[in-house]
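If you read the sequence from its start, that first residue is 1, and numbering goes on from there.
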Amino acid sequence: MAGEPGPGQNDDVRLANALRAGDVIALTEVYDTYAPFLYDYCHGLLRDRVEAAGALRNAFIAAREHIDRLTEPERLRGWMYAIARKEAMRRRDSPNRHTGQEAPEADDELTQEQLVRREERRLLAHSALAALNGRQREAIDLLVRHELDEVDLCGILGIPLEETLALVERTREDLAASLHAALIAQNHWEDCPGVGALTESWPLPPQAAAALVRHVANCPACAERQTPPLPPDRLLSVLPIAAIPADLRLDVLTAATAEDRAGNRRAIAAWTEPFDEYGWPLPYQPTPTRVRERPPRRRGPLVAALAVAVGVVVLTAGAVSAFGGDGTSTSAGGPAPADSGEPVASGQPEPTPTDPSPTVTSPSPTRTKSPSKTPSPTATPTRTATTRPPLRPPPSDTGEPEPPRRGELSVAGCSMGSRESCSIRITAVDGAVTWRVTGTSGELSAGGAGRLSAGASASVTVRRTNVFCFGGRTGSVSFSPGGSARVSYC
């Protein structure tokens with residue numbers, strides 16, 4: 001199925017040891033095993049085939065250069081996802097990034113009737129995923145479609161294992177509720193005026209999907225509706241996979257081994273630093289900031305808890321009789337122009353990227369119109385800490401000057417209680433500041449950018465993305481240049 005990338009050949013220890021020995025054939029085998037799925041993941045984060053190709057190439061170069069750091073060779077595959085994610089996030093923040101050319105979808109050779117049914121299912125999946133926040137969508141994609149586990153996930157997202165398990169459990173519950181609501185909207189929208197008012201377009205946009213979940217939870221008529229269970233692997237199996245360019249293999253292997261590219265490889269390897277105590281790259285930081293102490297990704301007692309929580313990967317949710325719509329994946333995002341884009345030059349310097357906040361962008365055809373392909377979810381995490389200070393940004397081979405230093409950004413957090421939003425106050429100190437929101441943690445969303453003269457202030461609205469609000473929760477909004485505002489909600 002298009003939406004089932006799978007892990008490929010699970011021979012991580014042998015491949016990691018061969019890479020350590022400098023075996024070029026091993027690099028070729030690693031590429032053939034993991035590149036299609038890593039490209040799909042990078043494309044989901046970057047939404048551009050040229051940038052995804054560049055991110056994949058640099059990820060393989062960095063993996064070969066840093067393979068000696070990996071203390072757990074059996075986790076080679078998850079480790080490579082962490083490297084690819086850091087590179088993709090770095091590219092997302094580049095003002096010179098390539099945009100507008102999404103990759104075509106990998107061909108499944110389905111009949112016209114099968115394609116129509118799959119498109120219907122995608123619309124349903126898309127509507128269900130729209131109620132989740134970006135980090136939840138990325139977690140689901142990595143766990144289900146890419147078949148990684150929670151230990152891999154905590155290393156990829158850069159959060160402690162305890163937080164990872166809580167994230168997956170919360171995602172399981174929210175996905176079950178959102179799929180149940182989407183199925184009611186798809187099959188019973190005429191039976192409840194409230195549902196009909198919220199589902200004027202299909203697939204559902206994020207705000208409507210979240211409102212629908214709240215409605216279904218509080219509507220006596222909708223609460224009586226039963227939907228058959230559907231595991232997430234079936235829900236996500238209809239999502240598209242971005243087709244990897246055929247000529248990318250030669251480009252990657254040449255860039256990773258050619259003698260005249262050694263300088264580029266050193267710069268690319270430096271972009272991946274620093275690493276944590278397990279040899280995993282710490283999450284991308286838009287600007288060098290003071291490193292905070294991070295709770296280690298404890299494996300002891302929690303590995304036992306992981307066995308108990310293994311059902312978390314099988315995220316059950318309500319389902320349809322005919323499995324109805326189908327949400328787009330974090331990858332291909334529908335047909336794109338003919339595949340002709342080339343990866344960016346290996347040594348090209350690229351500005352810092354923002355933390356991923358995959359959003360579900362979707363068309364809004366009326367219920368009577370034929371569905372169109374829609375891009376899929378992508379995701380948004382940041383890692384909490386490191387035991388070693390971040391290094392200075394690596395020198396670029398092109399010799400481009402670094403941007404001049406400006407004033408600092410002072411940020412003040414906010415508390416929204418049970419409301420939907422609150423405002424963060426930002427102020428330029430000791431000079432003018434060109435600022436932007438670079439990411440969020442917790443169930444929050446925020447965005448914006450601009451320029452403040454010295455001493456000037458502005459407000460940034462932050463909203464909560466969770467459907468059910470109970471118990472005190474906290475999150476944060478990160479800004480460039482530097483700075484993080486604490487936000488409490490619920």
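For the pair Arg75/Trp280, a side-chain contact is recorded, criterion being any heavy-atom separation below 4.5 Å from C-beta on. Two residues are said to be in side-chain contact when any heavy atoms from C-beta on lie closer than 4.5 Å; Thr199 and His215 fail this criterion. Annotation: side chain of Arg49 is not in contact with side chain of Pro245 (no heavy-atom distance under 4.5 Å). Contact of the Val462 side chain with the Met416 side chain is registered, since non-hydrogen atoms from C-beta on lie closer than 4.5 Å. Residues Glu162 and Pro160 are in side-chain contact: their nearest non-hydrogen atoms beyond the backbone lie under 4.5 Å apart. Put simply, the side chain of Gln186 reaches to within 4.5 Å of the side chain of Leu183, judged on heavy atoms. Proximity of Leu115 to Leu110: side-chain heavy atoms (C-beta onward) are separated by under 4.5 Å at one or more points.
Summarising the local packing, CD of Gln114 is surrounded by more than 12 heavy atoms from other residues, nucleotides or ligands at distances under 6.0 Å.
A distance of 7.5 Å separates OH of Tyr81 from CD1 of Ile156, quoted to the nearest 0.5 Å. Note that CG of Leu179 and CG of Asp174 are 12.5 Å apart. Values are rounded to the nearest 0.5 Å. With rounding to the nearest 0.5 Å, the separation of CD1 in Ile241 from OH in Tyr39 is 12.5 Å. To the nearest 0.5 Å, the span separating OG1 on Thr227 from CG on Asn187 amounts to 9.5 Å. Going from atom CG of Leu142 over to atom CG of Asp152 covers 9.0 Å, rounded to the nearest 0.5 Å. One distance of note links CD1 of Ile426 with CH2 of Trp435; it measures 4.0 Å at 0.5 Å rounding.
The two atoms that bring Ala208 and Leu198 nearest to each other are CB-O, 3.7 Å, heavy atoms only. Scanning both residues, Val238 and Ala125, for their nearest heavy atoms gives CG2-CB, 4.4 Å. The nearest pair of heavy atoms linking Cys422 to Val487 is SG-CG1, 4.0 Å. Minimum heavy-atom separation, Leu38 to Ala84: CD2-CB, 4.2 Å. Nearest heavy atom pair, residue Ala130 against residue Leu204, reads CB-O, 3.5 Å. What you find for Val411 and Ala485 is that their closest heavy atoms are CG2-N, 4.0 Å.
Contacts of Cys219 classified as disulfide bond (SG atoms under 2.5 Å apart), with partners at least two apart in sequence or in another chain: none. For Thr461, there are no side-chain hydrogen bond (donor to acceptor under 3.5 Å, both in side chains) partners at least two apart in sequence or on another chain. Residues satisfying the ring-ring contact (aromatic ring centres under 6.0 Å, His included) test with Tyr489, not counting sequence neighbours, are none. Scored by the disulfide bond (SG atoms under 2.5 Å apart) test, Cys192 finds no partners at all (sequence neighbours excluded). When the side-chain contact (heavy atoms from CB on, under 4.5 Å) test is applied to Arg97, the partners found at least two apart in sequence or on another chain are Leu46, Glu51, Arg92, Ser94, Thr99. Checked against salt bridge (Lys or Arg N to Asp or Glu O under 4.0 Å), Arg463 has no partners two or more places apart in sequence or in another chain.
For His146 and Tyr41, the side-chain atoms include no donor-acceptor pair closer than 3.5 Å. If you check the side chains of Ser476 and Arg486, you find no donor sitting under 3.5 Å from an acceptor.
The backbone N or O of Ser478 lies less than 3.5 Å from a partner atom in the side chain of Thr438, making a donor-acceptor pair. Between the Ser178 side chain and the Leu129 main chain, no donor and acceptor come within less than 3.5 Å of each other. Proximity of a side-chain donor or acceptor of His43 to a complementary backbone N or O of Ala103 within less than 3.5 Å is detected.
Using a cutoff of 4.0 Å between basic side-chain nitrogens and carboxylate oxygens, Arg91 and Asp48 are not scored as salt-bridged. Between Arg464 and Glu420, at least one side-chain N (NZ, or NE/NH1/NH2) sits under 4.0 Å from a carboxylate O, which counts as a salt bridge.
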Applying side chain to side chain contact (heavy atoms under 4.5 Å, CB included), run through Glu87 and Thr272 and close with a yes or a no.
CA-CA 7 Å; Glu87 173 63 17; Thr272 312; 5.8 Å; no
Just do the side chain to side chain contact (heavy atoms under 4.5 Å, CB included) check on Asn466 and Asn133 with the steps written out, would you?
CA-CA 7 Å; Asn466 59 325; Asn133 64 40; over 6 Å; no
Just do the side chain to side chain contact (heavy atoms under 4.5 Å, CB included) check on Arg85 and Leu157 with the steps written out, would you?
CA-CA 9 Å; Arg85 185 180 191 279; Leu157 302 185; 3.9 Å; yes
Applying side chain to side chain contact (heavy atoms under 4.5 Å, CB included), run through Leu236 and Ile140 and close with a yes or a no.
CA-CA 9 Å; Leu236 303 185; Ile140 285 287; 3.1 Å; yes
